[in-house]
Amino acid sequence: MRNPPLTLRQRDPAILPARRAAIMAAAGGRPVVVFGMGSALGGGTRSHGGMRFLTGWDSHESASLLVMTRAGCHLLLTSPFMEPAARETVPELAPRYLPQALWPQHLRDLLAGQAPVLIGEAEMPMGLYQPLAPILAGGEDFTPVLDAARQIKAPAAIALHQAGAEICDHLFAALPEAIKIGRTGRESQRILEDTALRLGAEYCRTWLTLRPQADHPRYWPEETGRAAALGDQMLFGVALTVDGHWAHGLRMGHIGAVPDTIAQMHAHVQTALDAGLAALRPDHPVSDAVRAMAAATDLSATAFGFAELRQFRTGHGLGLTYEEPGLTAAFPQRFGAYPETMPKEDGPLLREGMILELHPNLFVPGHGGAALGQMICITNDGARLMLTAPTEVIAL
């Protein structure tokens, strides 16, 4: 087992205080109230990314509330069992567990009659929000301000995303050993996810489709219990975090000789991926890549004679949230008949230090599915691939 990767706090001790100071300055000295879920929800929470961006704190299966005033920071914990870890890892936030019945008065005392700016309020559980609502009334939603600040990653953050990408590459290399005829998909997933954790990921979620005709992303034990067999198509997606920083990728493979149709489908998604990568240019909107991949799909679907195509979205932003705000808005999520819904807005202009995932895909009834996913960092020269694993069909 390798030594765990250095955390953001270890790589750049000044970065978290600087982020908090910047948000306080943007708020004009008003108190800032930040709600955050823990990382146990994985890709199912945005508020965790906001809390992590400002503090580095992870409340895991519980939630936390950060109150920043001119006098200092105060981290309120919903679980008494998180207090020892919080006191050890984020003592500068004065972490404290309080029974939730005491939160309203404590929050009143901290705010001292001032209307706060709010971050992550939309994810607060109703049982926590209702007693606090009268105190938070009149507060300004500052989540978009924080979202904008998160778009361009600092060098120390990019290094953590790169560490996650390297773990993804290890998992792609491990696929031929993890997937065996007679072994169920969920058994292979456990092998691969355990490998990611041993290599330094703190969280890992995979999807693994093993079918004669790959039909859709399959995540859960109840849908991955079938044993792999000769002739199966394989689609594999991995999403993991290193110190909260997401890494992501997709690859495809086949057990036995690759049929011509699967080779054609692979050529389709490779062409679409190449088109999307070429469109990722600084000072251009991210929606250029969405439209480039759609145009490639139109051409190749006609050339290959594919009909009744289905797709999920062809990419999203990455950061301290799996679906990093801003960049992700240009990639509408769906799983249905092609063509994919085009973005209503161009989205933000690409800048050096932005990170995202492109994963063109298609599913053709009667034939199967294909998907490739590349993790990308935007540089002044264009898109830099963060994954090094080949994108060819993997022989299993």
Side-chain angles (χ1 to χ4, degrees), residues 3-29 31-39 45-60 64-75 85-95 117 119-120 142-167 200-203 240-247 317-322 324-327 348 351-356 375 377-380 384 386:
N3 292 327
L6 295 176
T7 66
L8 184 71
R9 183 185 300 266
Q10 292 167 326
R11 291 171 183 268
D12 188 349
I15 194 169
L16 296 172
R19 288 172 176 176
R20 293 194 293 271
I23 287 294
M24 285 294 292
V32 179
V33 175
V34 184
F35 174 79
M37 300 298 296
S39 65
T45 169
R46 289 179 57 179
S47 67
H48 174 67
M51 177 68 78
R52 199 78 175 250
F53 180 81
L54 292 171
T55 66
W57 168 244
D58 182 0
S59 53
H60 296 284
S64 305
L65 192 74
L66 175 69
V67 183
M68 296 190 292
T69 70
R70 289 177 176 176
C73 294
H74 306 267
L75 182 66
R87 290 190 179 279
E88 181 178 344
T89 59
V90 288
E92 69 277 10
L93 304 180
V117 301
I119 295 171
F142 234 51
T143 305
V145 177
L146 186 69
D147 289 348
R150 292 166 52 182
Q151 290 300 313
I152 297 176
K153 278 57 177 179
I158 293 173
L160 285 161
H161 286 293
Q162 187 63 59
E166 291 169 6
I167 296 175
E202 61 192 350
Y203 174 92
L240 55 83
T241 62
V242 174
D243 192 38
H245 297 71
W246 283 91
L318 288 171
L320 285 166
T321 302
Y322 174 68
E324 188 79 341
L327 290 173
R351 297 282 187 262
E352 184 178 19
M354 290 181 171
I355 293 179
L356 65 157
M375 185 177 169
C377 182
I378 302 300
T379 73
N380 285 330
R384 176 177 70 84
M386 302 182 78

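For the single chain, residues carry numbers from 1 onward in sequence order.
Scanning all heavy atoms of the two residues, the minimum distance from Met375 to Ala165 falls at SD-CB, 3.9 Å. Listed here is the closest heavy atom pair of Cys377 and Ile158: SG-CD1, 4.1 Å. Nearest approach of Gln10 to Pro5, heavy atoms of both residues: OE1-O, 4.4 Å. Residues Gly28 and Arg70 share a closest heavy-atom pair of O-NH2, 3.7 Å. Taking each heavy atom of Gly317 and Leu327 in turn, the nearest pair found is CA-CB, 3.8 Å. When all heavy atoms of Ala156 and Leu8 are compared, the pair lying nearest together is CB-CD1, 3.7 Å.
A donor-acceptor pair under 3.5 Å links the side-chain atoms of Ser47 to the main chain of Met37, judged by distance alone. A donor-acceptor distance shorter than 3.5 angstrom exists from the side chain of His161 to the backbone of Trp246, with no hydrogens or angles considered. Under the 3.5 Å distance criterion, the side-chain polar atoms of Gln151 are left unmatched by any main-chain donor or acceptor of Met354.
Taking 4.5 Å as the limit, some side-chain heavy atom of Leu146 sits within range of a side-chain heavy atom of Leu54. In this structure, Asp58 and His48 have side chains that are in contact, with non-hydrogen atoms separated by less than 4.5 Å.
Atom CZ of Arg46 and atom CD1 of Ile119 lie 12.0 Å apart (nearest 0.5 Å). The line from CH2 of Trp57 to CZ of Arg52 is 9.5 Å long, rounded to the nearest 0.5 Å. Between atom OG of residue Ser59 and atom CE of residue Met51 there is a gap of 6.5 Å, rounded to the nearest 0.5 Å. Interatomic distance, Leu93 CG to Leu66 CG, rounded to the nearest 0.5 Å: 6.0 Å. Once rounded to the nearest 0.5 Å, the distance linking CG of Asp12 with OG1 of Thr7 reads 10.5 Å. Taken from CG in Asn380 to CZ in Arg351, the straight-line distance is 10.5 Å, to the nearest 0.5 Å.
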Using the salt bridge (Lys or Arg N to Asp or Glu O under 4.0 Å) rule, take Arg9 and Asp243 through it: C-alpha gap first, then chi angles, then the decisive distance, then the call.
CA-CA 9 Å; Arg9 183 185 300 266; Asp243 192 38; over 6 Å; no
Walk me through it: do Ser39 and Glu202 pass the test side chain to side chain contact (heavy atoms under 4.5 Å, CB included)?
CA-CA 9 Å; Ser39 65; Glu202 61 192 350; 5.9 Å; no
With side-chain hydrogen bond (donor to acceptor under 3.5 Å, both in side chains) as the criterion, how do Thr321 and Arg150 come out once you've worked through the C-alpha distance, each side chain's angles and the decisive distance to 0.1 Å?
CA-CA 10 Å; Thr321 302; Arg150 292 166 52 182; 2.5 Å; yes
Worked verdict on Thr55 versus Leu75 for side chain to side chain contact (heavy atoms under 4.5 Å, CB included)
CA-CA 10 Å; Thr55 66; Leu75 182 66; 5.7 Å; no
Using side chain to side chain contact (heavy atoms under 4.5 Å, CB included), reason through Met24 and Val32 one step at a time and then give a plain yes or no.
CA-CA 7 Å; Met24 285 294 292; Val32 179; 3.6 Å; yes
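Legend: residues meeting salt bridge (charged side-chain N to carboxylate O under 4.0 Å, His left out) with Arg384, ordered by chain and number and at least two apart, are absent.
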